[in-house]
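Shown next, in structure tokens, is the structure this report addresses.
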Protein chains: 2
Amino acid sequence: MLYIRELMSSSKPAKAKTQANLSQYSQTKRQQIVDGAIRVFLKYGYADTSMNRVAEESGVIKQTIYSHFSDKEGLFRAIIETLTLEHFRNEFGDNLSFEESPDVVLRRIGTVFMQRKDDPSYIALMRTVIGESARFPELARLYVNTVIGPAKQALSAYFAAQKQLQISEPEATARIYCGSIVSYIMTQEVLHGNEIIPFDSERFLNTLIAMVLGQKK
Amino acid sequence: MLYIRELMSSSKPAKAKTQANLSQYSQTKRQQIVDGAIRVFLKYGYADTSMNRVAEESGVIKQTIYSHFSDKEGLFRAIIETLTLEHFRNEFGDNLSFEESPDVVLRRIGTVFMQRKDDPSYIALMRTVIGESARFPELARLYVNTVIGPAKQALSAYFAAQKQLQISEPEATARIYCGSIVSYIMTQEVLHGNEIIPFDSERFLNTLIAMVLGQKK
DNA sequence: TAATTATCATACCGTTCGGTATGATTGTCA
DNA sequence: TGACAATCATACCGAACGGTATGATAATTA
């Protein structure tokens, strides 16, 4: 009953105790738990999520959760790690072409980025990671390392490579570009500023792109 | 025992029941509660703050809290409202001079803004308002209305007035300017990115200012 | 000073929490 | 099919929660 949780910690591919996987029956249950926990944790935050509610939402009994995860913290960490890694996969897929003209590239990655504002799970993840960044600083750092860092790095390298743009501070420029969009989403969606101080997202993007492309050395 | 809480709701100046204020003795206790509650709520968030802990931190008995505030939610709302209004007072004090040259003005407000990254209570307030923005959307909207809105509006008006800058989108530009700095603080301080992806704040500001001043029409 | 009012100390209420125990039931696989 | 592992149902544990009751003490005000 205990060795399951060893296999699952940080979702390593299993260590071949008897066979490869405790396939299907158990894995399915684990996925149910993860799916349900994602919904509940992202909706209510860590402190206000009860394990009873997770069990209910997952369609699983509480003991089953504790046979897959050590405790509430372990489950929460696993959930946030999973979501963070998923976001990494999607962030700057293959949008950073060095051959197309910069305005096309900047607009495409800006648009893709901006689309996240309509994804409730993205909004909820931002809120949760930030909201729990005092209690779970290591999860915040994971997010920085996995999502923000690589995105910033990739865009920074792009700016540095596009000599005709004459960008003397590629990293700062990359931070400004991404940060502006993040802040826009934060204000309009996370903080519900939508109806209070509305502003068209395309118009915002246009200004931002013009600013980056038009800056003097 | 009940009329105290009426007087205090939203800190209106009292309705002259017998006299003006229940001066000192009671007011002092209320301030103790608010001060203690600020520390506790900002540190642990709403759900993980217990009224016992607030009482302990405030040096006051639990019943005293409930004679000044209706319940835990009422206390939390009062605390966040207080802090939000305080931030409004300080945000763009008198830094938006229309007579000095734009680079001086932009640098000054940028520097003042950026200094907030070293203020733990500012960091904690950001974290709390965002973290609780699902449970307390009206507090998030209050923050937008009171802090973000006016700041954005003032800077936007400034950009519109400085014709020589040829800024065709003053509001978007104001959002980019403030949003970049907020995002910088968010990444570096709130999410503990300081040691992971360090970047000098002055260098960041220099790039941002140059970008805004140097943008083409 | 006398009466009023707020705070104190302490104990309590019902509920929910994270986590566990027990034993029956179901799925997996040799 | 039989043996074993995992999930189920249910009940329970001690602790902590938000909030209240009671009665004594200290501060305010008339």
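What you are looking at is a predicted structure, and each value in this text was computed from that prediction instead of being measured.
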Subject >> Euclidean distance, atom NE2 of residue His68(A) to atom P of dG19(C) [Å, nearest integer] >> reply: 16 Å
Original post:
What do you reckon, are the aromatic ring centroids of Tyr177(B) and Phe113(B) less than 6.0 Å apart?
Top reply: no
**OP:** Could you please name the option among dT7(D), dG18(C), dT7(C) that lies closest to any side-chain atom of Ser67(B)?
**Re:** dT7(C)
**OP:** Nearest whole angstrom, please: distance from the P of dG18(C) to the CZ of Phe76(A).
**Re:** 13 Å
Original post:
Can Arg53(A) be said to sit on top of Tyr44(A)'s aromatic six-ring, NZ or CZ under 6.0 Å from centre and within 45° of the ring axis?
Top reply: yes
Original post:
Is the distance between the ring centroids of His87(A) and Tyr122(A) less than 6.0 Å?
Top reply: yes
Original post:
Quick one: on DNA chain C, does Lys72(A) or Gly59(B) contact a more 5' nucleotide (nearest heavy atom)?
Top reply: Gly59(B)
Subject >> Per Tyr66(B) side chain, nearest of listed nucleotides dG18(C), dT10(C), dG18(D) >> reply: dG18(D)
Subject >> Lys29(B) NZ - dA9(C) C1' separation (whole Å) >> reply: 13 Å
**OP:** Among the candidates dC8(D), dG18(D), dC17(C), find the nucleotide nearest to the side-chain atoms of Met51(B).
**Re:** dG18(D)
Subject >> Between P of dG19(C) and NZ of Lys62(A), the distance in whole Å >> reply: 9 Å
Original post:
Any donor-acceptor pair under 3.5 Å joining the side chain of Gln63(A) to the base of dA9(D)?
Top reply: no
Original post:
Judged by atom type as modelled, is there a donor-acceptor pair below 3.5 Å linking the side chain of Lys43(B) to the main-chain atoms of Thr49(B)?
Top reply: no
Subject >> Distance in angstrom units between Glu56(A) CD and dT10(D) C1', rounded >> reply: 15 Å
Subject >> Selected nucleotide, minimal atom distance to Val60(A) side chain, candidates dG18(D), dG19(C), dC8(D) >> reply: dC8(D)
Original post:
Lys152(B) side chain to Cys178(B) main-chain N or O, any donor-acceptor pair under 3.5 Å?
Top reply: no
Subject >> Parallel, tilted or perpendicular: ring planes of Phe76(A) versus Phe136(A), cut at 30 and 60 degrees >> reply: tilted
Subject >> Difference in axis direction between the ends of the helix from dT1(C)-dA30(D) to dA30(C)-dT1(D), five pairs, 10° >> reply: 30°
Original post:
Asp35(A) and Gln31(A): side-chain donor and acceptor closer than 3.5 Å?
Top reply: yes
Original post:
In whole angstrom, what separates Ile61(B)'s CD1 from dA21(D)'s C1'?
Top reply: 14 Å
**OP:** Give the rounded distance in Å between these two atoms: CG of Asn52(A) and C1' of dC17(D).
**Re:** 15 Å
Subject >> Separation of dT7(D) P from Gln31(A) CD (nearest whole Å) >> reply: 14 Å
